[in-house]
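A note on names: the letters A, B, ... follow the listed sequences, proteins ahead of strands, and every chain is numbered from 1.
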Amino acid sequence: MLESSEFNHNLLDWYQSNKRTLPWRQTRDPYRIWLSEVMLQQTQVTTVIPYYEKFITKYPDIDSLAEADEEALLKDWEGLGYYNRIRNFHAAVKEVRDNYNSTVPERPETFFNLKGVGPYIGGAVQSIAFNHLLAAVDGNVLRVISRLDADGRDVARASVQKDIKKRIEEIIPLEAGDFNQALMELGATICTPRAPKCIMCPVQEHCEAYSRNIVSELPVKKKAKRKNEIYYNVYFILNDRNEILLRKQEGTLLQGMYELPKYDVDTSVESIEEDLQLSIDTSGRHVGSGKHVFTHQVWYMEGYVLHTRDRHPDFVPLEDVGGLPMSRAMQKIYEQFEVPAERM
DNA sequence: TAGTCGTGGTG
DNA sequence: TCACCAAGACT
């Protein structure tokens with residue numbers, strides 16, 4: 001078990017002399033902290049930084065983001081992934097504008113009710129911006145605590161995460177924001193998933209896993225399920241006006257992003273004509289292949305060019321395609337078409 | 001609870 | 001190459 005006073009002192013002391021705090025956190029501007037926490041979920045700091053800079057320049061405050069067009073936001077988010085994050089953040093920010101006078105709620109109960117605000121983001125924003133005594137439990141913290149306590153339970157379980165959050169809140173000091181960031185920083189730099197640097201750890205003497213020599217066995221996690229492999233034919237459908245057929249992705253995966261029509265490889269051209277309500281004139285040129293790995297799926301894509309003389313509401317001028325939000329998956333196949341087209 | 005949701009880095 | 005993982009939330 002953690003000896004709270006000595007443990008806290010060692011951890012905070014280490015953090016003060018080693019911290020590489022994200023610069024915008026020093027402002028304690030709750031909007032900036034909130035935006036960055038939304039971007040940081042399941043995403044590395046180095047990936048987030050350019051996106052954060054772009055957003056904070058274009059949308060420096062609650063009102064400017066609330067007023068933004070959703071498709072423009074999606075375009076700015078393009079490539080960052082988990083696109084529901086920006087939709088939820090947009091909705092939450094609009095609620096703050098409309099119901100809370102464009103001021104980020106300082107009451108935890110109010111803030112936690114906003115869209116996209118879960119236990120981590122809620123705790124992080126409320127502790128860093130307002131010094132509320134709440135834990136911010138991310139993957140780093142789960143790993144750190146499971147090792148300190150030699151806790152062999154599956155950290156993926158919500159009940160275990162709740163437990164760890166409660167446990168931290170029993171010892172969290174008044175400098176709650178710094179304490180949370182110190183735990184995360186410790187996990188990111190010392191108490192790493194592989195090859196942890198226990199020799200440099202400021203709280204080594206408090207670590208149950210270290211004293212039992214079982215650090216490498218923790219945390220315990222279930223093995224990931226095998227990914228589903230999907231094979232698509234992807235179609236570049238062109239008309240005689242230098243336009244290409246694009247549509248908005250439906251369903252839940254990549255919702256709202258623009259895509260080339262894609263069909264399971266065994267779908268006939270007749271079914272495609274039926275589905276799109278247009279007739280294909282010439283068909284067939286193969287333009288390339290692409291593979292994209294998602295969390296739970298792998299796409300294998302083959303791209304083909306088709307021509308039609310029909311009208312269709314979803315045709316887009318080729319020069320406008322770059323302005324529409326498109327997933328990396330679709331970009332991978334689209335790039336292979338674009339380059340040869342420019343040479344024609 | 002367990003599955004879903006992107007993308008890039010790493011050993 | 002490949003499995004794992006990253007300042008998680010929603011259904």
Side-chain angles (χ1 to χ4, degrees), chain A residues 15 19-22 24-25 33-52 74 77-89 91-92 112-125 127-128 134-144 154-162 164-165 168 177-189 191-196 216 219-229 249 251-257 259 290-299 325-332:
Chain A
Y15 180 61
K19 70 175 164 188
R20 38 157 209 177
T21 302
L22 299 170
W24 57 83
R25 283 194 172 150
I33 294 166
W34 184 11
L35 170 63
S36 75
E37 299 300 347
V38 172
M39 289 181 163
L40 283 164
Q41 67 163 293
Q42 299 288 280
T43 311
Q44 308 226 20
V45 172
T46 53
T47 305
V48 162
I49 286 176
Y51 285 91
Y52 175 80
L74 259 186
W77 199 269
E78 178 187 88
L80 198 52
Y82 285 143
Y83 297 97
N84 270 330
R85 289 184 292 177
I86 184 58
R87 259 192 287 273
N88 288 338
F89 186 59
F112 274 90
N113 277 328
L114 297 168
K115 263 193 188 171
V117 176
Y120 168 75
I121 291 180
V125 173
S127 68
I128 296 170
L134 295 169
V137 180
D138 72 336
N140 288 310
V141 176
L142 289 175
R143 183 171 58 255
V144 169
D154 181 356
V155 295
R157 287 172 50 202
S159 59
V160 175
Q161 297 184 8
K162 230 172 165 176
I164 289 180
K165 176 175 166 63
I168 294 170
D178 281 350
F179 187 75
N180 284 329
Q181 293 179 81
L183 280 176
M184 291 188 260
E185 187 71 8
L186 185 70
T189 61
C191 196
T192 49
R194 282 164 300 201
S216 61
V220 172
K221 276 187 185 177
K222 264 191 313 192
K223 271 190 186 164
K225 219 178 76 174
R226 203 178 124 74
K227 294 185 201 304
N228 207 5
E229 299 188 327
Q249 196 124 359
T252 52
L253 180 62
L254 301 175
Q255 187 187 43
M257 307 298 278
E259 65 165 1
K291 175 189 176 185
H292 190 76
V293 180
F294 296 91
T295 307
H296 292 287
Q297 290 183 18
V298 185
W299 285 5
M326 190 180 281
S327 68
R328 284 279 189 257
M330 202 50 69
Q331 284 176 7
K332 282 181 183 174

Does A:His296 have its ring centroid less than 6.0 Å away from the ring centroid of A:Phe294?
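That pair fails the under 6.0 Å test.
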
Between A:Tyr51 and A:Trp77 (judged by ring centroids, cut-off 6.0 Å), do the two rings come close enough to count as a pair?
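That pair fails the under 6.0 Å test.
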
Nearest-Å distance, [atom1] ([X]) to [atom2] ([N])?
X        : N     : atom1 : atom2 : answer
A:Gln297 : B:dT7 : CD    : C1'   : 14 Å
A:Leu142 : C:dA7 : CG    : P     : 12 Å
A:Arg143 : C:dG8 : CZ    : C1'   : 14 Å
A:Glu37  : C:dA6 : CD    : C1'   : 13 Å
A:Tyr51  : B:dT7 : OH    : C1'   : 9 Å
A:Tyr82  : B:dG3 : OH    : P     : 15 Å
A:Lys162 : C:dA9 : NZ    : P     : 14 Å
A:Gln41  : C:dA9 : CD    : P     : 6 Å

Is [X] near enough to [N] that one of its side-chain N or O atoms lies under 4.0 angstrom from OP1 or OP2?
X        : N     : value
A:Asn84  : B:dC5 : no
A:Lys223 : C:dC4 : no
A:Lys225 : B:dT4 : yes
A:His292 : B:dG6 : no
A:Thr252 : B:dT4 : no
A:Arg85  : C:dA9 : no
A:Gln42  : C:dG8 : yes

Applying a 4.0 Å non-hydrogen cut-off, can you work out what [X] is touching in the nucleic acid: base, sugar-phosphate, or nothing?
X        : value
A:Lys222 : sugar-phosphate
A:Val137 : nothing
A:Gly79  : sugar-phosphate
A:Ala329 : sugar-phosphate
A:Ala158 : sugar-phosphate
A:Leu80  : base

More than 12 foreign heavy atoms under 6.0 Å from NZ of A:Lys227: is that the case here?
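Check passes, neighbour count above 12.
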
How do A:Gly116 and A:Asp138 order along DNA chain C: which one's closest nucleotide is nearer the 5' end?
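Residue closer to the 5' terminus by nearest nucleotide: A:Asp138.
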
base_contact_polar (B:dG6 base, A:Ser327 side chain, donor-acceptor, <3.5 Å)
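Checked by distance alone, the answer is no.
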
Would the base of B:dG6 count as contacting A:Thr43 through its side chain, where contact means a donor and an acceptor less than 3.5 Å apart?
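Indeed, a donor on one side and an acceptor on the other fall under 3.5 Å apart.
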
For residues [X] and [Y], determine if any side-chain heavy atom of one lies less than 4.5 Å from a side-chain heavy atom of the other.
X        : Y        : answer
A:Ile128 : A:Asn180 : no
A:Leu186 : A:Asn140 : no
A:Arg85  : A:Thr43  : yes

Would you mind telling me which residue lines up with the more 5' stretch of DNA chain B, A:Leu253 or A:Arg157, judged by nearest nucleotide?
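Looking at the nearest nucleotide for each, A:Arg157 comes out on the 5' side.
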
P atoms of C:dA7 and B:dG3, separation to the nearest Å
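Pairwise P distance, C:dA7 against B:dG3, rounds to 25 Å.
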
When rounded to the nearest Å, what value does the distance between P atoms of B:dG6 and C:dT11 take?
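Per the computed distance, 13 Å lies between those P atoms.
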
Can you tell me which residue among A:Leu254, A:Leu253, A:Asn88 is in a side chain to side chain contact (heavy atoms under 4.5 Å, CB included) with A:Tyr83?
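Exactly one candidate clears the test, A:Leu254.
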
Side chain of [X] only, heavy atoms from C-beta on: which candidate in [options] is closest?
X        : options               : answer
A:Lys221 : C:dA7, C:dA6, B:dG6   : C:dA6
A:Arg194 : C:dC10, C:dA7, B:dT10 : B:dT10
A:Leu254 : C:dA9, C:dA7, B:dT7   : B:dT7

